[in-house]
2 protein chains.
Amino acid sequence: MGKIKKTSTNYENRQILDAECEEVYAANLIGGRWTIAICCYLAGGKLRFSELRRRMPNITERMLTLHLRKMEANRLVKRTVYAEVPPRVEYELTDIGEQLVPILDMLKKWGTKHKETIQ
Amino acid sequence: MGKIKKTSTNYENRQILDAECEEVYAANLIGGRWTIAICCYLAGGKLRFSELRRRMPNITERMLTLHLRKMEANRLVKRTVYAEVPPRVEYELTDIGEQLVPILDMLKKWGTKHKETIQ
DNA sequence: TATGGTACAGACAAAAATGTAAGTATGGGG
DNA sequence: CCCCATACTTACATTTTTGTCTGTACCATA
C-alpha cells in the first residue's frame with residue numbers, strides 16, 4: 001500500500017502473474033485487509049468517510065484512507081468531495097465496482113459452505 | 001505464511017473480519033501471491049510438485065511448498081505421497097476446491113472487463 | 001480566544017509475506 | 001563410492017503491508 005520497489009523479485013513476480021492470469025489481476029484489485037469489507041458496505045449505497053469508519057470500528061483512519069485511495073485509483077470507487085466545513089466526502093461503487101458485488105456474493109456462499117465442509 | 005503473532009492488532013483485525021464477513025473469510029483462503037495460479041493449474045487435473053513448478057517458472061520451491069501446505073491445511077488441495085524413490089507427490093483440488101473454480105472464472109471475466117473499462 | 005468536528009497527511013514501527021541460498025533423505029545406476 | 005533426481009526443510013534477508021501516533025486546515029459555535 002505504501003511505496004513499492006520496482007526492482008524487486010517480488011514486484012516482478014506480481015507483474016508476471018498479473019499479466020498472464022486475469023484471475024490474479026482481479027484478485028490483486030480486491031486484495032488488502034479491508035478492501036472487500038469496504039465493498040460490502042458500499043454495496044448498500046454511498047457512504048461518507050466517517051460512516052465507513054463507524055461501520056468498521058477496528059480500522060484506523062490511515063488504513064481506511066489508504067484503501068479508499070487504492071480503490072479509487074483502481075476505479076472500484078468514486079470519491080466526491082463537497083466544499084463544506086467541516087469537510088464531507090462521499091464514496092460509492094463505480095459501475096465496474098458494482099459488477100464485483102455478485103461475485104463477492106458467490107464468494108460468500110462458497111465461504112459458508114467451506115466452513116461447514118471442513119468441520 | 002510463516003509464523004504469526006497472535007497478540008498483534010493485525011492478527012486480531014483479521015480474526016474479526018474473518019468472523020463477521022464470509023467474503024473476507026473466503027478471500028483469505030485464496031490469498032497469497034501464488035494460490036490462485038496454483039488453483040488454475042490444478043483445475044486441469046492432478047499435478048506433481050515438479051509439474052507445478054514447471055508451469056510457474058518464477059516460483060521458488062519454498063514458496064510452492066508453503067502455498068501448497070497452506071492450501072492443504074485449508075482443504076483446497078489433497079496431497080498424495082507415493083513411497084517411491086525419487087519421491088513422487090501429487091496434488092489435486094478437493095471437492096470444495098473444485099467449487100471455487102467457477103468463481104475464479106467469474107473473477108477472470110470481471111478482470112478482463114475491468115481492464116477494458118479503465119483504459 | 002478556545003474548542004469541536006471532518007477528512008485527511010506524515011514519520012515511524014511492527015508484523016507478515018516473499019525471496020535467497022544452502023542442505024537433507026532416499027535408492028538406483030555408473 | 002559418487003552422482004542423480006525429487007520433494008522438500010532450514011536459516012536468513014528483503015520487501016510489503018499494516019498499525020501507532022501526531023499534526024493540519026477549515027469554519028462554526030461557545
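On a predicted model such as this, the values are computed, not experimentally measured, just so you know. These values consider heavy atoms only, across backbone and side chains, with no hydrogens, waters or symmetry-generated copies. Chain naming here is simple, since letters A, B, ... match the order of the sequence lines and numbering starts at 1 in each.
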**Asked** Would you say the side chains of B:Arg55 and B:Tyr41 form a donor-acceptor pair under 3.5 Å?
**Response** no

**Request:** May I ask you to evaluate whether B:His67 reaches the phosphate of C:dA17, defined as a side-chain N or O under 4.0 Å from OP1 or OP2?
**Result:** no

**Request:** Return the value, rounded to whole Å, for the distance between atom OH of B:Tyr91 and atom P of D:dT6.
**Result:** 14 Å

**Message:** Is A:Ser8 close enough to C:dT18 that one of its side-chain N or O atoms is under 4.0 Å from OP1 or OP2 there?
**Reply:** no

**Asked** Which of these nucleotides, C:dG19, C:dG5, D:dT18, is closest to any side-chain atom of A:Val85?
**Response** C:dG5

**Item:** Upstream residue (5' side of DNA chain C) when A:Thr65 and B:Arg14 are each assigned their closest nucleotide
**Value:** A:Thr65

**Request:** Measure the distance from CZ on B:Phe49 to C1' on D:dT9 and round it to the nearest whole Å.
**Result:** 11 Å

**Request:** Specify the separation, in whole Å, of atom CG of A:Leu64 and atom P of D:dT18.
**Result:** 13 Å

**Asked** Of all the nucleotides listed (C:dG19, C:dC8, D:dT6), which has the minimum atom distance to the side chain of B:Pro87?
**Response** D:dT6

**Prompt:** Atom CZ of A:Arg62 and atom C1' of C:dG10: how far apart are they, to the nearest Å?
**Reply:** 8 Å

**Request:** Could you please spell out the steps behind the side chain to side chain contact (heavy atoms under 4.5 Å, CB included) verdict for A:Lys115 and B:Glu22?
**Result:** CA-CA 9 Å; A:Lys115 249 185 202 169; B:Glu22 303 281 344; 3.4 Å; yes

**Asked** Of B:Pro86 and A:Thr9, whose nearest nucleotide on DNA chain C comes first from the 5' end?
**Response** A:Thr9

**Fill in**
Of A:Ile4 and B:Arg54, the one whose nearest nucleotide on DNA chain D sits closer to the 5' end is B:Arg54

**Request:** Indicate, with a heavy-atom threshold strictly under 4.0 Å, whether B:Thr60 touches base, sugar-phosphate, or nothing.
**Result:** base

**Request:** Give the rounded distance in Å between these two atoms: CE of A:Met63 and P of C:dA15.
**Result:** 15 Å

**Over-ring placement of A:Lys46 relative to A:Tyr91, 6.0 Å and 45° cut-offs** = no

**Asked** Can you tell me how far P of D:dT18 sits from CZ of A:Arg69, to the nearest Å?
**Response** 17 Å

**Request:** Report yes if a side-chain nitrogen or oxygen of B:Arg48 is closer than 4.0 Å to either non-bridging phosphate oxygen (OP1 or OP2) of D:dA7; otherwise report no.
**Result:** yes

**Request:** Mark yes or no for whether B:Trp110, through its side chain, and A:Glu23, through its backbone, hold a donor-acceptor pair below 3.5 Å.
**Result:** no

**Prompt:** So which nucleotide from C:dA7, D:dA7, C:dG19 ends up closest to the side chain of B:Trp34?
**Reply:** C:dG19

**Asked** Hey, is CZ on A:Arg88 packed in by over 12 heavy atoms from elsewhere, all under 6.0 Å?
**Response** yes

**Asked** Rounded to the nearest Å, what distance is computed from the CG atom of residue B:Leu66 to the P atom of nucleotide C:dT18?
**Response** 9 Å

**Message:** Return whichever of B:Asn13 or B:Arg79 has its heavy-atom-nearest nucleotide of DNA chain D closer to the 5' end.
**Reply:** B:Arg79

**Request:** Grab the CD-P distance between B:Glu84 and C:dG27 for me, whole Å please.
**Result:** 13 Å

